[in-house]
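Just below is one structure, and these are the notes that go with it.
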Amino acid sequence: MSSIFSQIVAGDIPARVVYEDETTLAFLDANPLAPGHTLVIPKTEYERLNDVPDDVAGDLYATLHALVPAIEVAVDADASTVAFNNGEAAGQEVPHVHGHIIPRFSDDGGAPIHGIAGDPPGLEDDELDEIAAEIEAHV
Ligand code: AMP
């Protein structure tokens with residue numbers, strides 16, 4: 001069974017498509033958190049960002065990059081929050097990579113991205129050094 005977003009790519013279910021190229025598709029979120037809330041997906045179904053090949057990752061970013069200013073102008077937004085729920089534990093519900101572009105307005109009552117995680121872990125300098133080294137070693 002293909003994801004609901006693959007069904008949109010195939011044209012089997014409708015969507016308000018705002019941009020399409022060979023490898024990516026963008027359409028309005030069906031339950032918008034703001035006017036212009038848009039999802040950007042790779043046409044090929046990958047569950048997480050971790051699964052996306054480098055060339056498609058570049059295409060995905062290029063589409064986000066083109067759409068952010070277009071959406072802000074279209075809905076007269078002051079800013080935007082751009083984010084991926086990458087994996088179930090992060091709140092991902094549709095197992096097909098999608099970037100959210102959520103237009104933001106100075107009076108929208110929303111929060112910055114800093115508000116989405118749990119309690120801050122309060123890490124010491126040596127722990128931060130160790131984590132940075134671990135990440136660097138795995139890139
Ligand atoms: P996430 O929690 O990051 O997986 O977000 C999934 C998003 O997909 C939600 O914001 C839904 O409103 C949106 N969504 C689910 N089904 C559709 C659909 N058929 N067309 C457009 N957006 C959808």
Side-chain angles (χ1 to χ4, degrees):
M1 175 67 183
S2 61
S3 77
I4 192 151
F5 294 164
S6 287
Q7 293 172 58
I8 289 174
V9 172
D12 292 339
I13 61 171
R16 292 186 173 85
V17 171
V18 299
Y19 176 82
E20 178 170 15
D21 61 28
E22 210 176 310
T23 56
T24 70
L25 185 73
F27 49 90
L28 294 187
D29 194 294
N31 305 289
L33 297 173
H37 180 176
T38 297
L39 302 177
V40 178
I41 65 167
K43 285 184 170 175
T44 301
E45 187 173 326
Y46 305 103
E47 185 167 339
R48 292 176 58 157
L49 280 172
N50 319 36
D51 308 318
V52 176
D54 292 349
D55 56 336
V56 180
D59 295 346
L60 204 54
Y61 185 78
T63 298
L64 287 163
H65 185 74
L67 278 174
V68 164
I71 292 168
E72 287 188 6
V73 168
V75 300
D76 201 20
D78 300 310
S80 42
T81 295
V82 181
F84 291 76
N85 291 324
N86 191 42
E88 249 183 84
Q92 183 177 356
E93 289 176 357
V94 177
H96 182 147
V97 169
H98 50 283
H100 292 257
I101 302 174
I102 304 169
R104 299 297 304 269
F105 302 87
S106 48
D107 60 352
D108 65 15
I113 206 159
H114 303 80
I116 61 174
D119 291 335
L123 296 164
E124 303 292 337
D125 281 352
D126 59 334
E127 294 173 300
L128 291 168
D129 289 344
E130 200 179 312
I131 291 166
E134 271 306 306
I135 295 171
E136 197 176 16
H138 284 90
V139 175

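Everything quoted here is computed from the prediction, not taken from an experiment. We count ligands from 1, going down the list as the structure has it; atoms in each ligand are counted the same way.
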Show the numbers, then the answer: is there a side-chain contact (heavy atoms from CB on, under 4.5 Å) between Thr23 and Thr44?
CA-CA 7 Å; Thr23 56; Thr44 301; over 6 Å; no
Between Phe84 and Leu60, is the side-chain contact (heavy atoms from CB on, under 4.5 Å) condition met? List the steps.
CA-CA 12 Å; Phe84 291 76; Leu60 204 54; 4.2 Å; yes
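Geometrically, ligand 1 and Ile4 share no nitrogen or oxygen pair separated by less than 3.5 Å. Checked against a 3.5 angstrom limit, the closest N/O atoms of His100 and ligand 1 fall inside it.
Side-chain polar atoms of Asp78 and Ser106 form a donor-acceptor pair below 3.5 angstrom. Remark: the Asp21 side chain and the Tyr19 side chain contain an N/O donor-acceptor pair separated by less than 3.5 Å. No side-chain N or O of Ser80 forms a donor-acceptor pair with one of Arg104 less than 3.5 Å apart.
Remark: distances from the non-hydrogen atoms of Phe5 to ligand 1 include one below 4.0 Å. For the ligand labelled ligand 1, residue Leu33 lies outside the 4.0 Å heavy-atom shell. By the 4.0 Å heavy-atom criterion, Gly91 is counted among the residues contacting ligand 1.
Considering only heavy atoms from C-beta on, Val9 comes within 4.5 Å of Ile41 through its side chain. Between Phe27 and Phe5, the closest side-chain pair of non-hydrogen atoms falls below 4.5 Å.
Below 4.0 Å from some heavy atom of Leu28 lie the following atoms of ligand 1, by number and element: 21 (C). Of all the atoms in ligand 1, the ones that sit under 4.0 Å from a non-hydrogen atom of Asn31 are 11 (C), 12 (O). Proximity to Gln92 (heavy-atom distance under 4.0 Å) selects the following atoms of ligand 1: 4 (O). Atoms of ligand 1 lying under 4.0 Å from any heavy atom of Leu39, numbered from 1 in the order shown and given with element: 8 (O), 13 (C), 22 (N). Atoms of ligand 1 lying under 4.0 Å from any heavy atom of Asn85, numbered from 1 in the order shown and given with element: 1 (P), 2 (O), 3 (O).
Which of Arg16, His98, Glu93, Glu88 comes nearest to atom 5 (O) of ligand 1 through a heavy atom is settled by distance: it is His98.
In terms of protein heavy-atom proximity, atom 7 (C) of ligand 1 is nearest to Asp29 OD2, 3.5 Å. Summary of contacts: the protein heavy atom closest to atom 21 (C) of ligand 1 is Ala30 N, 3.3 Å.
Only the side chain of Phe27 comes within 4.0 Å of ligand 1, judged by heavy-atom distances.
Under the 30°/60° scheme for interplanar angles, the aromatic rings of His100 and His37 are found to be tilted.
The 12-atom threshold is not exceeded at CG of Asp125, counting heavy atoms of other residues, nucleotides or ligands nearer than 6.0 Å.
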